[in-house]
Structures are given as C-alpha cells and as structure tokens.
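Chain letters run A, B, ... following the sequence lines, proteins first, then strands; residues in each count from 1. Keep in mind that this is a model prediction, so the values were computed, not measured.
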Amino acid sequence: MFLTFLNFASRQGGADIQWKRHMYKRIAWSYYGRKRNCFRLSIRTIERALRYSTNSGKPKREYYNNIVKIRLEAACWEHGVLYDEFLKTLDESSIQLNRTTLQHLAIYEPRTFQSLCDFTVKRQGELGLKAATTTTPSGVLTRGML
Amino acid sequence: MPTYCARSMLLKHIASQNAFIQSSYFTSTANNNSPMPSESSLDTTSDYTVVEKKNEGEIIQNINTAVENKDSRLFAVVHICGKQYKITTEDIIMIKLWFDPTIGDKIRLEKVLMVGGKDYTLVGRPILSRDSVKIEATVVEKTLSHYRVKYKYRKRKRVRRFKLSRNIHTMLVINSIEVNPIKC
C-alpha cells in the first residue's frame, strides 16, 4: 500500500502540543472545574485575567494615592491645618517630604507630625495667608473692605 | 587706524560728567573747614530696642542634651533612587530599581531629609548636612523580582503580545544612625 504520501501529510512528528500549553496549565492550577484541565476552556479565562492584571496598574496607584490623601487630610485637620495649605507651606519652605512619608509620620511619628503642623501654622501667620480668616483688631474701622 | 565709535565717545562724555557731579555732591553737604562730619542724634542712638527675645538657645540646648544622651532609637527619612524611605537601625530596605553598589559594600546614605528620636526631630530644608547626620548601611542581597506579566490583547483583531519581565531588587541593611550636636 502506498503510505509515503500519508507520512508527509500527517501532523505527527513535531513536538508534543502540550509543551506550548504547559505554562497556561501552571497559571490555571487554581481554577474551578474543567477550566483547570482543558486548554480551550482555560485559555479564555487566563487571557482575561492577564489582561486585567496589566491594565490595573494605573487604577491601583490612583486607589492608594487617594487613601494617602484621605489620611493626610484627616491628620492635618486634627492639628487645625488645611491639607492644601499644609503642603503649600512645606513646599515653600523647601521641606521636600513626599505625601507617603508624611502620612507614615502622621501615623507612626505623631509628635513629629504635630511639630510640622505647628510650624506651618506659624509660617502662614507670618506670611499673612490667614489674614482673611482672622478677626480684625478692636478699634479699627474697615467698612467691610478687609 | 583706530575707529571712533560714536557710542563709546558718548559713554566717556557721560562718565566724565557723572564724576564731576558726584564730587560736587559730596563737597556741598560737609563744612568746608572741618574734615569730619558733625555728630547728630541719628548716629549716636540705636535704631531699635528689643521688646521680646526668642528662646532659641534653650531649644537648641535641650536638643543637644537629648542627642548626647543617646537614649532613644533614631529614625530617619532618606531619599534613594527617587523614593523616600523611613528607616531605623537594623532595618532592611528593598530598593526596586537599579542600584549600583554590589553585595557587601558599606554605604553612607547622603540624602537625609529628616532625623528624629523620642524627644526631638531635625528637619532638613531640603537635606541635612553631612556634619549633623551619619547613616551607614550595607548591601546584603541582589535578586530579581517575581515574574510580571504584560499581556496586550485586542479583540477580534488577532493582536496578542505576551511578555515576562523581572526587576532587580537590592536589599540594604541599616547599620547605624548617628546625630551630632547642633552648633550655633
């Protein structure tokens, strides 16, 4: 029987197809049901999972930065400073501590953070940023202009 | 042959005029007979009197006594490779970026933003000087991170890109933090 044609035409002879699928099997070891064992079913779930993990970098950073902002704001209010003014006065007096370290200090080094807040309050008083909120001294007529 | 620039000639003319004007100004105010200027109350009395003096010296003295006692554990805020780390002695930091020193190197950390103990903190604007703080560390380990997957996919367009990457991590152990007393 003539078999050489069939030999050339067959797909056997290359490497085992499971070698390409070995990595995906390792990724899907914890999935439920046939998604764990069957390649065609698991590849759909795996591709979605990998896609989501690559695209989650930016929202993850935004999420944690928001948490830091909330903590810093609350810590500033405890000491009678506004968040924006606090950061602005620190920046103007060339104290270049970033927000993650500031919120860490507020949690774990409360005295240091209090001294920073007191410094900002005093500095704002010197510069006159709080002039709008302070009361006018007695015996002065402003006619609503100040 | 020298070229006579109109501008330079004009400037010389003005300068000569100014010299004449200045000399005349000074000579007119003083008496021609006496060489020294006459004394007035503006010169003898002081411009200011101190109403309230700040007690800076007291604060600095307290800080220096606390520094010399060395009772409390010190913390520091340090800037390495664009990130800020809050560290104490016996700490291990992981730097997730390229860091030149090799394993076993002893390092002095230069960019110290803040140092503090139980009763005092020194805040740098923006960095504390080398005379006031000394932080020493050793590089302990240099490894690669876990495999991070970058998978780009576009639906119905047969676009699939799969990439694995690993970053270099270096571990630093903080050996000591030393603070020197403040000099006025």
Tell me, for [X] versus chain A, whether the close heavy atoms (under 4.5 Å) come from the side chain, the backbone, both or neither.
X         : value
Arg160(B) : side chain
Tyr120(B) : neither
Val77(B)  : side chain

* With side chains defined as the heavy atoms from C-beta onward, is the minimum distance between Ile168(B) and Phe99(B) less than 4.5 Å? -> no
Contact check, side chains of Arg73(B) and Glu90(B), non-hydrogen atoms, under 4.5 Å | yes
For [X], is it the side chain, the backbone, both or neither that has a heavy atom under 4.5 Å from a heavy atom of chain B?
X         : value
Glu47(A)  : both
Arg111(A) : side chain
Leu116(A) : side chain
Ser93(A)  : both

Of Arg148(B), Lys86(B), Arg125(B), the largest count of non-hydrogen pairs under 4.5 angstrom with chain A goes to Arg125(B)
Can you label the angle between the Tyr151(B) ring and the Tyr153(B) ring as parallel, tilted or perpendicular, going by 30° and 60°? parallel
Which label fits Phe113(A) and His79(A): parallel for a plane angle under 30°, tilted from 30 to 60°, or perpendicular past 60°? tilted
Stepwise side chain to side chain donor-acceptor pair (under 3.5 Å) test for Thr101(A) and Asn98(A):
CA-CA 6 Å; Thr101(A) 50; Asn98(A) 65 9; 2.8 Å; yes
Note to self: How about CZ on Phe162(B), more than 12 heavy atoms from neighbouring residues, nucleotides or ligands closer than 6.0 Å, or not?
What the structure shows: yes
